[in-house]
Number of protein chains: 2
Amino acid sequence: MEERIECCDEHRVHPEIVTHVKLDMPDEERLYDLAELFKVFGDSTRVRILYVLFESEMCVCDLAELLGMTQSAISHQLRVLKQAKLVRARREGKTVFYFLADDHVRTIIGQGMEHLCE
Amino acid sequence: MEERIECCDEHRVHPEIVTHVKLDMPDEERLYDLAELFKVFGDSTRVRILYVLFESEMCVCDLAELLGMTQSAISHQLRVLKQAKLVRARREGKTVFYFLADDHVRTIIGQGMEHLCE
DNA sequence: TCAACATATGAACAGTTGTTCATATGTTTG
DNA sequence: CAAACATATGAACAACTGTTCATATGTTGA
């Protein structure tokens, strides 16, 4: 802990800060999960689906038509979104309606948009 | 616009809503950029780098040592982060210090963490 | 200017991801 | 129950991504 692997010989950053940072870091696993979550936002098909669901819950085939993609592709992506707990599903007869799971989705996407616009 | 490609024959979602959603959607390009932005957050090495930079600006080799990765790997990822304008760099002699570009990064990661914890 | 050091970068490779196609599951209606 | 329809899923393939290795660039001090 006190000894460091050879790297830069002169450390501008104090060892205290490095130690402090190490203590403050969440577990590897938690950070891995966080990256996995953002990975879900990192695909334009899925972002588009989420944007649609901002307005209204919708069934798979309407999503497919709206986004100009096959039912299969949309269904695969909805599964990813569902596993990440970003959307939930509600069955009504033959059709399944998907809707946003909670408001973090809006906030996260909103902040992303803000970042793009600055 | 009024005519729809054959899909579900009975539409539970009113055509008005579909039209409304279409109008409210940002451009393809914007949504693509948004997904690209989140893609940057979607890697645990990059998330870890960002977390470290929450605490303090840091040089490449310190980051490499802290995260137990090669200098090259870190440097490649810093470039990605820089291109996305999530971090900025400051040169001081031989060493280059990287730091967070703005506070959206904190908010976005914070919201992501919140989502995981619910 | 040259050696030593910190960082950046290009090529290559393995691992991952999104779509398509074919098909399976599940639901309603006759 | 069978047909029709909406959705889900598995396999396969192309495209993309992150790391490594080798090397280049840029900076300092002798």
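In this text the structure is predicted, and so the values were computed from the model without any measurement.
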Side-chain atoms of A:Ser75 come closest, of C:dG10, D:dT17, D:dT9, to D:dT9
Distance check: side-chain N/O of B:Arg79 vs OP1/OP2 of C:dT9, anything under 4.0 Å? yes
Roughly, in whole Å, what's the span from CZ in B:Arg91 to C1' in D:dT28? 11 Å
D:dT17 OP1/OP2 closer than 4.0 Å to side-chain N/O of B:Arg46: no
Hydrophobic cluster membership, A:Leu34 vs A:Tyr32, 4.5 Å side-chain cutoff: no
Give the rounded distance in Å between these two atoms: CG of A:Leu81 and P of C:dT17. 14 Å
Of the candidates C:dT28, D:dT9, D:dT20, the side chain of A:Lys94 sits closest to C:dT28
Could you state the CD-C1' distance from A:Gln83 to D:dT9, rounded to the nearest angstrom? 12 Å
Measure CZ/B:Phe38 against P/D:dC16 and give the value in whole Å, please. 21 Å
Please report, rounded to the nearest Å, how far the C1' atom of C:dA8 is from the CD1 atom of B:Ile74. 14 Å
Report yes if a donor N or O on one partner sits less than 3.5 Å from an acceptor N or O on the other, where the partners are the side chain of A:Ser72 and the base of C:dT19; otherwise report no. no
Would you say a side-chain N or O of B:Thr70 is under 4.0 Å from OP1 or OP2 of D:dT20? yes
If only side-chain N and O atoms of B:Tyr98 are considered, is one of them under 4.0 Å from the OP1 or OP2 phosphate oxygen of C:dA8? yes
Shortest side-chain distance from A:His76, nucleotide among C:dA8, C:dC5, D:dA11: D:dA11
Whole-Å distance between D:dA8 P and A:Leu78 CG? 7 Å
Taking the side chain of B:Val96 as heavy atoms from C-beta outward, which of D:dT7, C:dT19, C:dT7 is closest to it? C:dT7
Any carboxylate oxygen within less than 4.0 angstrom of a Lys/Arg side-chain nitrogen, looking at A:Asp33 and A:Arg30? no
Taking the six-membered ring of A:Phe99, is NZ or CZ of A:Arg88 closer than 6.0 Å to its centre and within 45° of its axis? no
Nucleotide nearest A:Gln77 when distance is taken to its side chain, options C:dG18, C:dT7, D:dG26: C:dG18
Closest to the 5' end of DNA chain C, once B:Gln71 and A:Gln71 are matched to their nearest nucleotides, is B:Gln71
Measure from the side-chain heavy atoms of B:Met69 and tell me the nearest of D:dT7, C:dT9, D:dT19. D:dT19
Can you measure B:Arg90 atom CZ to D:dG26 atom C1' for me and round it to whole angstrom units? 17 Å
So that I can tick it off, tell me whether B:Arg90 and B:Glu92 are bridged by a salt bridge, with the cut-off set at under 4.0 angstrom between side-chain N and carboxylate O. yes
Between P of C:dG18 and CZ of A:Arg48, the distance in whole Å: 14 Å
B:Lys85/A:Glu118 salt bridge by N-O under 4.0 Å criterion: no
Mind checking whether A:Met25 and B:Glu55 have side chains closer than 4.5 Å, heavy atoms only? no
C:dA6, C:dA8, D:dT19: which one has an atom nearest the side-chain heavy atoms of B:Thr95? C:dA6
